[in-house]
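Atom set for the values below is all heavy atoms of this structure, side chains included, hydrogens, waters and symmetry mates excluded. Order of the sequence lines fixes the chain letters, A, B, ..., with proteins taken first and strands second; residue numbering starts at 1 for each chain.
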Amino acid sequence: MKMSRLFVQTLREFPSDAEVISHKLLVRAGYIRKLTMGVYNYLPLMWRVIRKVENIIREEMDRAGAQELLMPFVQPKELWEESGRWGAYGGELMRLKDRHGREMCLGPTHEEIITAIARDGLKSYKQLPVNLYQIQSKFRDERRPRFGLLRGREFIMKDAYSFGTSQEELEKEYKNMWEAYTRIFKRCGLDTKAVQSDSGAIGGSVSHEFMVITDQDSGENDVFYCECDYAANSNHAESKLPDAKITGDWQEPQIIDTPNTHSIDELTEFLNIPATVIVKTLVYIVDKAPVLALIRADRTVEETKLMNAVGGTDIRIATAGEIEEMMAVNGFDSEKGFIGPQGLKEYNGFKIKVVADETVKDMKNFVIGINKKDVHLVGANWGVDVDLPETVTDIRLAEAGDFCPVCGKPLKVTRGIEVGNIFQLGTKYSKPMNAVYLDQNGKTQPYIMGCYGIGVTRTAAAAVEAHHDDHGIIWPLAIAPYHAVVIPVSTKDELQMKVANDIYQTLLKHGVEAVIDDRDERAGVKFKDADLIGFPYRITVGKTIADGLVEFKARNSEELSNIKPENACEIVVTAVNNLK
RNA sequence: CGGGAUGUAGCGCAGCUUGGUAGCGCACUUCGCUUGGGACGAAGGGGUCGCACGUUCGAAUCGUGUCAUCCCGACCA
């Protein structure tokens, strides 16, 4: 490709609306342009990158025995009602009506469609297991898209779905996909870590996320990990706590005045005690039902864990108004800061559930609210002064410095970008959608399903997050839009142009995707653009051609070398051939 | 969905306080000059100042409303 013909407009300045580096660089280097909120045009350079990522995925998925198909982007409401997700999926589901008034949605994911395809075609255990995948655009009407391609509303995703007859078969395919994913991301030049995670709205039990660990702050997920193999998303990470003082100094229970202590900080200061002897009570609304969460006051509730503990799908903290109302209908006059679990029966037509974090179980002589304004109960004990809730489980957010649940060493935390996930779905979709096959005994059984996603566009953006410098993008060779750029310093110098053209033609002949910068620009402009766009190799033909030498530089190295043109070609050709 | 900010040329911005026929840098076109890290000079093209209504002789500027975008939070691949 001639640079003079290449459809790319580099900008001298960063776009003002971009926050993270991948967004800034992809816009500035001419890869993407925003069409509307969270929706981007993939310009020619970007599309080449995307296709490379897709092809790596295709090769590895096919190698792993999966089969590609393509499902529609627009989906009918009926299938979503079968799975129960028309109601359960929130505002992210982009709903629309056709001219006949039929309700449809833009596919945010394709479990419903694939399950319908499977139940039409897979009638016998003899046909199983099967793994089907597609690479396609998805649309999720995010409340707040951001970070450019890392979190758009429309994005390209590879989604695969496996159908089998047993948990064992599912686990085998799960491992198969795990290995395929490991190969895919490695080939894309990304270091990933597989972490345990919550399975969220998609449902199911076991799931892992593949995270790109970057030094950037742009990762959206906190990942807790240990020097042993343990790694988990913050919404799933377990931890053992360091020793702490969990027994208060009071000998007997007593109610004491604690005026205006609306926060734990105010309470610890007022009583001059550590937060570790206080039981904190938080009010949440899970699917409209009130839930009290009890936790040691120095710790934070992990909302996803709490939501899962009561089997909900949506969670938020209660408003001050709701809390007051809840107090009133249960006969208390209290407010935030003085809440306790005792005596709260029902609210809004729901029985009030109480969930305690494990941290509170062994506490003694502790401080707790009793739903009375400006006082707290101190020296309280479970079973004597306050009932220990029936549900005692892990609902806390892990913290760096907590200990690994597997090996006991201190956990570390880092930011990660989720580029892939794998779920063991089980029968979550096959059962409600009556997607069944006949087993050896002629009995109908629901498929045991798994699903496996990779964010294609996000992977490309994550590669930029992981590989860039002050001058621009440093693409891994395997997903770079072009492998090399040939730069004649002066297009008016006949010898330089001739040699540059020869090099360019040689590269093309050997299967290298090359660009020749034939623009009548100053050298500085060409170098700046080459660095910004991120061509992995650069061959510059300048004055040294008089001595038969060209300058060779790899984008990921500072090293410059003056070598013969044929040697420069050979290095690039060899590197490109090694990709295969 | 809560809080904050911003909408003026493809990109980055000034002008608004104090209303008077819209400007700068980059990019783009032409000519000259220059040619190893985003040169220089000259001459050009390009904008219903987000939109609507209002105030006014006159609105980018003042008022009301509305839409959009961005940031923080909550939520999520």
Which is true for A:Phe155 with a 4.0 Å heavy-atom rule: it touches a base, it touches only sugar-phosphate, or it touches nothing? base

In terms of ring plane angle, is the pair A:Trp178 and A:Phe210 parallel, tilted or perpendicular, where the classes change at 30° and 60°? perpendicular

When all nucleic acid strands are considered with a 4.0 Å heavy-atom cut-off, which category describes A:Gly152: base, sugar-phosphate, or nothing? base

Please assess A:Tyr347 against A:Glu325 for the test side chain to side chain contact (heavy atoms under 4.5 Å, CB included), listing each intermediate value before the final yes or no. CA-CA 8 Å; A:Tyr347 172 63; A:Glu325 209 182 326; 3.4 Å; yes

Could you walk me through whether A:Leu507 and A:His483 pass the side chain to side chain contact (heavy atoms under 4.5 Å, CB included) check? CA-CA 10 Å; A:Leu507 291 174; A:His483 299 130; over 6 Å; no

Find out whether A:Ile473 and A:Tyr31 are in side-chain contact, i.e. whether some heavy atom of one side chain is under 4.5 Å from a heavy atom of the other. yes

If the C1' atom of B:U66 is compared with that of B:C26, how far apart are they to the nearest Å? 33 Å

Would you classify A:Gly542 as touching base, sugar-phosphate or nothing, given that sugar-phosphate means primed atoms plus P, OP1 and OP2, and contacts are heavy atoms under 4.0 Å? base

Between A:Tyr161 and A:His110, does a side chain to side chain donor-acceptor pair (under 3.5 Å) hold up when you go through it step by step? CA-CA 9 Å; A:Tyr161 307 88; A:His110 282 71; 4.8 Å; no

Would you find a donor on one side and an acceptor on the other, under 3.5 Å apart, between the side chain of A:His236 and the backbone of A:Ser207? no

Please list, chain by chain and in numerical order, all residues satisfying ring-ring contact (aromatic ring centres under 6.0 Å, His included) with A:His471, sequence neighbours excluded. none

For a quick test of reading the model: is some side-chain N or O of A:Lys526 closer than 4.0 Å to OP1 or OP2 of B:G36? no

When rounded to the nearest Å, what value does the distance between P atoms of B:A27 and B:C51 take? 28 Å

So what does A:Arg28 touch, heavy atoms closer than 4.0 Å: a base, only the sugar-phosphate, or nothing? base

Regarding A:Glu13, tell me which of base, sugar-phosphate or nothing describes its non-hydrogen contacts under 4.0 Å with the strands shown. base

Starting the side chain at C-beta, find the nucleotide from B:G36, B:C75, B:G38 nearest to A:Val525. B:G38

How is A:Arg538 classified with respect to the nucleic acid when contacts are heavy atoms under 4.0 Å: base, sugar-phosphate, or nothing? base

Does any part of the side chain of A:Met177, heavy atoms only, come nearer than 4.5 Å to the side chain of A:Asn131, both counted from C-beta? yes

So what does A:Asp493 hit on the nucleic acid, given a heavy-atom distance under 4.0 Å: a base, only sugar-phosphate, or nothing? nothing

Would you mind classifying the nucleic acid contact of A:Ile317 as base, sugar-phosphate or nothing, using non-hydrogen atoms under 4.0 angstrom? nothing

Aromatic ring centroids of A:Phe7 and A:Trp47 under 6.0 Å? no

All N/O contacts under 3.5 Å from nucleotides 68-71 of chain B to the protein, with atom names and distances to one decimal?
residue: B:U69; atom: OP1; partner: A:Thr36; partner atom: OG1; Å: 3.4
residue: B:U69; atom: OP1; partner: A:Met37; partner atom: N; Å: 3.3
residue: B:U69; atom: O3'; partner: A:Lys34; partner atom: NZ; Å: 3.1
residue: B:C70; atom: OP1; partner: A:Lys34; partner atom: NZ; Å: 3.3
residue: B:C70; atom: O3'; partner: A:Asp17; partner atom: O; Å: 3.4
residue: B:C71; atom: OP2; partner: A:Arg144; partner atom: NH1; Å: 3.4

Using the P atoms only, state how far B:C62 lies from B:U18, rounded to an integer number of Å. 9 Å

Take nucleotides 27-34 of chain B nucleotide by nucleotide from the 5' end and write B, S or -, depending on whether a protein heavy atom sits under 4.0 Å from the base, only from the sugar-phosphate, or from neither. S------B

Suppose you measure atom C1' in B:C16 against the same atom in B:C40; what distance do you get, rounded to whole Å? 35 Å

